[in-house]
Chemist: 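Below are the structure tokens for one structure; questions will follow.
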Amino acid sequence: MLTDYHLHLQPDGPGAREADRARWDEHGGPRSVGWIGRYVEAARARAVDEIAITEHVHRFREVRHWHPNPWWQDEATEDLAGHCAALAEARAAGMPVLIGIEMDWIPGRVDDIRALLASQPFDIVLGSVHWLGDLAVDHPDYPCWDDLGPEVTWARYFDELGAAAASGLFDVLAHPDLPKVFGTPMPPVLAGRRDEVIVAIADSGVAVECSSAGLRKPCRALYPDPDWLAAFHAAGVPVTLASDAHRPEDVARDYPTAVAALRGAGYESITRFQVREPRQVAL
Ligand SMILES: [Zn+2]
Ligand SMILES: [Zn+2]
């Protein structure tokens, strides 16, 4: 079985959304059953049986005050309940769609995160470390690299990834080696720290995703790298499959590469979720 458990119905940023607007408007908007159906069709064309729509939490006005970054606040325009209702409507129409969310790990907002996750009938919650305080790991306009440099960026990222795992808030950690996105690999001196975090992730019970999105980024590599996948497998960490598509044509993109990497690391199963309950299914 194949799944795609990391999808967005719209691109990030007002400019990109404006450019795509005509595409979803003909279906009745980005959260219409017709537009969601385009993702389901794209998935089926790549032999994917089930998808999860995991919109960024920063898209919802309920969380506008969670982060001081002006980009974050400008993005927070939609209502979460209406979004989740649209996904439930798609499922009621017979589509294999899970209600998900890509939740940022924000250390000072643990209680707020817990309350928001309890407010909707989520099937799957991704946890993402996109921010180190006010600095962004993967947003080129607010880069942590200039201020922190590679070694501190990676070290602080590992601290936050471990804390996110230990929080128990998330089902899956998204793009686990994200700081490589712009082509800055992990400094070898941090290999031991990475292995400690992998053990912490294993102890927490959270899954990690194998995402083809990195192949479309400057790093031109799967998230995570094959040696990370092998270490996750050795530690007993379960996995999901993901494309992080922000438009239908990227759903399950480059899956032959991702599946080969999972098998190469020793994985024979992936994790399915239903109302946040995981179970293993054959890959
Ligand atoms: Zn992300
Ligand atoms: Zn995403």
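Start at 1 with the first residue, then count along the sequence. Atoms within a ligand are numbered from 1 in the order they appear, just like the ligands themselves. Everything numeric in this text was worked out from a predicted model, so none of it was measured.
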Chemist: Do other residues, nucleotides or ligands put more than 12 heavy atoms under 6.0 Å from Glu26 CD?
Modeler: yes

Chemist: For the Zn ion (ligand 2), how many protein N, O or S atoms lie at less than 2.8 Å?
Modeler: 4

Chemist: Using the rule given for side chain to side chain contact (heavy atoms under 4.5 Å, CB included), can you reason through Val57 versus Arg109, listing the C-alpha separation, both sets of side-chain angles and the distance that settles it, and then say yes or no?
Modeler: CA-CA 13 Å; Val57 71; Arg109 292 282 176 189; over 6 Å; no

Chemist: Quick check: is Leu126 connected to Tyr223 through a chain of hydrophobic side chains (ILVMFWY, heavy atoms under 4.5 Å apart)?
Modeler: no

Chemist: Taking Glu78 as the fixed residue, which of His56, Gln10, Arg61 is the one that meets the side chain to side chain donor-acceptor pair (under 3.5 Å) rule?
Modeler: Gln10

Chemist: Sorted by first residue and then second, give each ring pair (Phe, Tyr, Trp, His ring centres under 6.0 Å) pair with at least one member in residues 75-126; sequence neighbours left out.
Modeler: Phe60-His83

Chemist: Under the side-chain hydrogen bond (donor to acceptor under 3.5 Å, both in side chains) rule, what do His8 and His6 come out as? Steps first, then yes or no, please.
Modeler: CA-CA 7 Å; His8 303 271; His6 188 154; 3.2 Å; yes

